[in-house]
Amino acid sequence: MNNPILRPESVSQLLEHAQELAGLPLAALAHNLNQPVPDNLRRDKGWIGQLLELSLGASAGSKPEQDFPELGVELKTIPLDAAARPLETTFVCVAPLLNIAGLSWETSNVRNKLSRVLWIPVIGERDMPPGERLIGQPLLWTPNEEEEWLLRQDWEEIMELISLGRVQEITARHGQALQLRPKAANGRALTDAIGPDGNYIQTRPRGFYLKTSFTAALLARHFML
DNA sequence: GAGTGATCATCT
DNA sequence: AGATGATCACTC
């Protein structure tokens with residue numbers, strides 16, 4: 001077992017730690033870290049992600065930054081079924097709905113977060129107890145030209161609609177790789193956005209998510225090599 | 001409320 | 001069965 005708590009000093013060290021976890025059931029990792037193991041994720045949706053953050057020494061917190069800012073790496077766990085297909089979309093970051101005039105893809109939060117991602121697959125069906133799910137081989141990924149092009153097209157299209165006051169028209173069907181969906185504590189959570197007439201409206205906070213077809217493809221591209 | 005970690009619950 | 005829209009826990 002690698003040393004928890006210590007922050008990795010280099011990307012290679014981080015990757016080594018992640019590789020040492022491969023094959024381990026989540027319950028074993030949790031026990032080593034003195035963490036409770038829930039029977040299901042219904043009330044602990046972030047349990048797996050937070051367990052891996054703790055194990056790999058990621059900075060906890062709610063700052064809109066990468067998990068390892070000094071390394072330029074974002075950590076993401078991704079649930080896979082037995083066929084290595086993603087069971088869920090991947091949350092990237094919240095979407096700005098106001099003051100977006102000067103934003104560009106190059107400086108966007110989406111591009112920053114996805115510029116380098118350490119993917120930690122977690123294998124297990126939805127009905128499998130979290131503790132029994134297995135940690136898979138990690139993948140350090142940077143979007144290739146085609147992937148970045150796709151992400152950029154989607155981001156620009158979605159952001160244009162938002163800037164035009166059409167956020168309420170955007171559904172999860174927009175975009176090939178990236179999609180916009182609600183991201184909130186519940187349906188009563190509201191925030192300001194631009195309305196159809198250029199005025200302010202109240203709407204649900206939104207987040208950018210990677211579609212499963214995109215993450216499935218990027219995982220396949222690497223693991224089939 | 002806004003951000004982090006995400007999966008749940010329901011509809012098609 | 002897979003995707004969409006809704007929701008859970010926690011921190012600040």
Side-chain angles (χ1 to χ4, degrees), chain A residues 18 26 29-30 33 35-69 73-100 108-110 112-114 117-133 135 154 158 162 167-193 200-217:
Chain A
L26 291 178
L29 182 59
L33 299 171
Q35 295 298 304
V37 179
D39 292 330
N40 60 69
L41 299 178
R42 218 181 121 163
R43 292 191 168 278
D44 296 273
K45 297 180 181 180
W47 183 72
I48 296 177
Q50 286 155 1
L51 185 63
L52 269 299
E53 281 189 336
L54 179 63
S55 175
L56 295 172
S59 48
S62 55
K63 304 181 301 295
E65 296 179 333
Q66 292 165 310
D67 294 294
F68 301 96
V73 173
E74 170 72 9
L75 179 66
K76 289 288 179 199
T77 61
I78 183 165
L80 305 180
D81 64 16
R85 288 233 113 214
L87 289 170
E88 298 289 346
T89 52
T90 303
F91 173 70
V92 179
C93 60
V94 297
L97 302 182
L98 243 32
N99 305 318
I100 56 187
S108 69
N109 205 185
V110 171
N112 178 244
K113 289 245 181 173
L114 298 182
V117 178
L118 178 62
W119 295 97
I120 309 285
V122 173
I123 296 90
E125 303 296 332
R126 290 176 190 281
D127 59 6
M128 184 182 291
E132 294 180 16
R133 302 184 193 182
I135 298 172
D154 290 343
I158 290 169
I162 292 174
V167 63
Q168 295 181 126
E169 296 175 34
I170 305 173
T171 72
R173 297 166 190 77
H174 279 80
Q176 296 293 119
L178 204 62
Q179 63 182 182
L180 193 76
R181 304 219 308 276
K183 166 64 171 175
N186 54 58
R188 286 112 253 157
L190 294 174
T191 191
D192 288 332
Y200 290 110
I201 60 170
Q202 289 273 292
T203 191
R204 322 270 313 289
R206 306 299 213 280
F208 283 111
Y209 296 77
L210 295 178
K211 303 183 79 168
T212 55
S213 56
F214 181 79
T215 50

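Each chain gets a letter, A, B and so on, in the order the sequences are listed, and its residues count up from 1.
- If you measure from atom CG of A:N186 to atom P of B:dG1, you get 9 Å, rounded to the nearest angstrom.
- No engagement by A:R85 is indicated, since no non-hydrogen atom pair under 4.0 Å with the nucleic acid exists.
- When DNA chain C is scanned 5' to 3' for any atom under 4.0 Å from a heavy atom of chain A, the first and last hits are C:dA3 to C:dT11.
- What you find for A:T89 and A:T212 is that their closest heavy atoms are N-CG2, 3.7 Å.
- A close approach under 4.0 Å does occur between a side-chain nitrogen or oxygen of A:T77 and OP1 or OP2 of B:dA6.
- A straight line from CG of A:L51 to C1' of B:dT4 spans 16 Å, rounded to a whole angstrom.
- Two residues are said to be in side-chain contact when any heavy atoms from C-beta on lie closer than 4.5 Å; A:V73 and A:D67 fail this criterion.
- Within 4.0 Å of A:G46, counting heavy atoms only, lies at least one base atom of the nucleic acid.
- Closest-nucleotide positions on DNA chain B for A:Y209 and A:A189 were compared, and the one nearer the 5' end corresponds to A:A189.
- Nucleotide B:dT7 holds its P atom 11 Å from the CD atom of A:Q50, rounded to whole Å.
- Residues A:S55 and A:L33 form a side-chain contact, since some pair of their non-hydrogen atoms from C-beta on lies under 4.5 Å apart.
- Inter-residue side-chain proximity for A:I158 and A:R206 is flagged as unmet; no heavy-atom pair is nearer than 4.5 Å.
- Annotation: side chain of A:L180 is in contact with side chain of A:F208 (closest heavy-atom distance under 4.5 Å).
- The residue A:E74 sits close only to the backbone: its heavy atoms come under 4.0 Å of sugar-phosphate atoms, none of a base.
- Contact annotation for A:R181: base contact, defined as any heavy-atom pair under 4.0 Å involving a base atom.
- Mapped onto DNA chain C by nearest heavy atom, A:T89 and A:R43 fall at different nucleotides, with A:T89 at the one closer to the 5' end.
- Distance A:L75 CG to B:dG5 P: 8 Å, rounded to the nearest Å.
- Here B:dA2 presents its P atom at 19 Å from CD of A:E65, a figure rounded to the nearest Å.
- The base of B:dG5 sits with one of its N or O atoms less than 3.5 Å from a complementary donor or acceptor on the side chain of A:K183.
- Counted within 6.0 Å of CG on A:N186, heavy atoms from surrounding residues, nucleotides or ligands total more than 12; the atom is thus considered enclosed.
- At whole-Å resolution of the value, CG in A:L87 and C1' in B:dA9 are 15 Å apart.
- Within 6.0 Å of CD on A:Q176 lie no more than 12 heavy atoms contributed by other residues, nucleotides or ligands.
- Distance from the side chain of A:F91 is smallest for B:dA6 among the nucleotides B:dT7, B:dA6, B:dA9.
- Taking atom CZ on A:F208 and atom P on B:dG3, their separation rounds to 12 Å, with Å as the unit.
- Atoms CG and CD, from A:L118 and A:E74 in turn, are 10.0 Å apart once rounded to the nearest 0.5 Å.
- Among the atoms of the strands shown, only primed sugar atoms or phosphate atoms (P, OP1, OP2) are found under 4.0 Å from some heavy atom of A:T191.
- In this entry the distance linking NZ of A:K45 with P of B:dG3 reads 20 Å, nearest Å.
- Residue A:R204 is classed as a base contact, given a heavy-atom separation below 4.0 Å to a base.
- Rounding to the nearest 0.5 angstrom, the gap separating the CZ atom in A:F214 from the CG atom in A:L178 is 8.5 Å.
- Listed by residue number, the members of residues 117-125 of chain A with any heavy atom below 4.0 angstrom from DNA chain B form an empty set.
- Listed for the A:W47 side chain is a donor-acceptor partner under 3.5 Å among the backbone atoms of A:P36.
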